[in-house]
Asker: 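Below is one structure. I have some questions about it.
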Amino acid sequence: KVLLAEFLRQEREFQKSLQLIEVGLEIAFKDKPPYSWSKLYKIALMFSLGQYDSALGIVTEIEEMHEDFSLPYFITSAARIWKAIIAYVNSESDLAIEILESLGIVEGKAPVNGLERGYLLLIIIVSLKNTSRSLESCFKMIDQLEKCSISRNDFRIKISLNMVKARIY
């Protein structure tokens, strides 16, 4: 259900997407990792709707579930990356950087699979400093992330990287 909901979100069919996410959440309620994974799709939907406070509330729910159930890292890291993205959109770049650093996403460190969106955000934030040193750092991170996307054959990262490169150049 939630994969179809994600497709509908990308097609801007937000109401249908929300209905499917809610069904998916009901189905997965008793099993916390799939339930929290479904919550990530709801964060993406709330973000797409510009409902950042709602999205942050869901991130908080996932963080609280993690404290109680020790969720897998790929779920908690995705939630924290959403938190960083929302901080950035809310003009809180320092907070976004702090969140990314807590995940080990820092300038000069090779990208880790599963954290690519965090590296994309870091590239955007660093590029806005618009100094020769920051741009050099961005180009290096872009190169590293491109290699990572090629090795994984991940077209979504490639497309996102091209959008980021267009923004920088």
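This is a predicted model, so every value here is computed, not measured.
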Asker: Salt bridge or not for K42 and E61, using N-O below 4.0 Å?
Answerer: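 Looking at E61 together with K42, the answer is no, because their closest N to O distance does not fall below 4.0 Å.
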Asker: For residues L121 and I81, determine if any side-chain heavy atom of one lies less than 4.5 Å from a side-chain heavy atom of the other.
Answerer: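 Side-chain contact under 4.5 Å: no.
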Asker: Counting C-beta onward and ignoring hydrogens, is there a side-chain heavy-atom pair between W82 and L56 closer than 4.5 Å?
Answerer: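 Not in contact.
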Asker: Are L145 and Y88 linked, directly or through intermediate hydrophobic residues, by side-chain heavy-atom contacts shorter than 4.5 Å (ILVMFWY only)?
Answerer: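 The answer is yes; both residues are in one hydrophobic cluster.
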Asker: Any side-chain heavy-atom pair from L40 and I43 closer than 4.5 angstrom?
Answerer: yes
Asker: Return the CG to SG distance between D143 and C148, rounded to the nearest 0.5 Å.
Answerer: 11.5 Å
Asker: Going by side-chain hydrogen bond (donor to acceptor under 3.5 Å, both in side chains), name the residues that satisfy it together with S149, two or more places apart in sequence or in a different chain.
Answerer: none
Asker: What pair of heavy atoms forms the shortest contact from L135 to S127, and how long is it?
Answerer: CD2-O, 4.0 Å
Asker: With sequence neighbours excluded, what pairs up with K158 under the side-chain hydrogen bond (donor to acceptor under 3.5 Å, both in side chains) test?
Answerer: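 None.
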Asker: Determine whether L18 and M46 make a side-chain contact, defined as any pair of heavy atoms from C-beta on separated by less than 4.5 Å.
Answerer: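 A side-chain contact under 4.5 Å exists here.
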Asker: Salt bridge check: are E107 and K140 linked by an N-O gap of less than 4.0 Å?
Answerer: no
Asker: Which atom names give the shortest non-hydrogen contact between I21 and A5, and what distance separates them?
Answerer: CG1-CB, 3.4 Å
Asker: Against L115, only a single residue in L120, L100, I105 fulfils side chain to side chain contact (heavy atoms under 4.5 Å, CB included); can you say which?
Answerer: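 That would be I105; it is the only one of L120, L100, I105 passing the side chain to side chain contact (heavy atoms under 4.5 Å, CB included) with L115.
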Asker: How many angstroms lie between CD in E11 and CZ in R9, if you round to the nearest 0.5 Å?
Answerer: 11.0 Å
Asker: Could you check whether any side-chain heavy atom of K83 comes within less than 4.5 Å of a side-chain heavy atom of E63, counting everything from C-beta outward?
Answerer: yes
Asker: What's the shortest heavy-atom distance between G24 and S38, and which atoms?
Answerer: O-OG, 4.3 Å
Asker: Considering residues at least two apart in sequence or located in another chain, which fulfil the ring-ring contact (aromatic ring centres under 6.0 Å, His included) criterion with Y35?
Answerer: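 Expected list: F29.
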Asker: Just so I know, are the side chains of E146 and K165 near enough to count as touching, which here means a heavy-atom distance under 4.5 Å?
Answerer: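 Touching, per the 4.5 Å side-chain cut-off.
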Asker: E13: what forms a salt bridge (Lys or Arg N to Asp or Glu O under 4.0 Å) with it, not counting sequence neighbours?
Answerer: K16
Asker: Test of understanding: with ring-ring contact (aromatic ring centres under 6.0 Å, His included), list the residues that count as partners of F139, not counting sequence neighbours.
Answerer: Y169
Asker: Measure the OH-CD1 distance between Y52 and I86 for me, rounded to the nearest 0.5 Å.
Answerer: 8.5 Å
Asker: May I ask you to check whether over 12 heavy atoms, not counting those of E136, lie within 6.0 Å of atom CD?
Answerer: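 Check fails, neighbour count at 12 or below.
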Asker: Are I157 and F74 connected in the hydrophobic side-chain network, where two residues link if heavy atoms are under 4.5 Å apart?
Answerer: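 Result: yes, single cluster for both.
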Asker: Tell me whether V23 is reachable from F14 by hopping between hydrophobic residues (I, L, V, M, F, W, Y) whose side-chain heavy atoms are closer than 4.5 Å.
Answerer: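 In one cluster: no.
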Asker: Tell me the side chain to side chain donor-acceptor pair (under 3.5 Å) pairs involving residues 112-124, sequence neighbours left out?
Answerer: E116-R152
Asker: Side-chain contact, heavy-atom cut-off 4.5 Å: I159 with M163?
Answerer: yes
Asker: Hey, is the main chain of E92 close enough, under 3.5 Å, to the side chain of N90 for a donor-acceptor pair?
Answerer: no
Asker: How far apart are the closest heavy atoms of Q144 and A110, and which atoms are they?
Answerer: OE1-CA, 4.0 Å
Asker: Spell out, as yes or no, whether a donor-acceptor pair under 3.5 Å connects the side chain of S77 to the backbone of Y73.
Answerer: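 Yes, because the side chain of S77 sits within donor-acceptor range (under 3.5 Å) of the backbone of Y73.
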Asker: Is there a path of hydrophobic side-chain contacts, each under 4.5 Å between heavy atoms of I, L, V, M, F, W or Y residues, that connects L95 with V89?
Answerer: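 No: no chain of side-chain contacts under 4.5 Å links L95 to V89.
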Asker: Find out if a path of hydrophobic residues (ILVMFWY) with successive side-chain heavy-atom gaps under 4.5 Å connects V112 to L71.
Answerer: yes
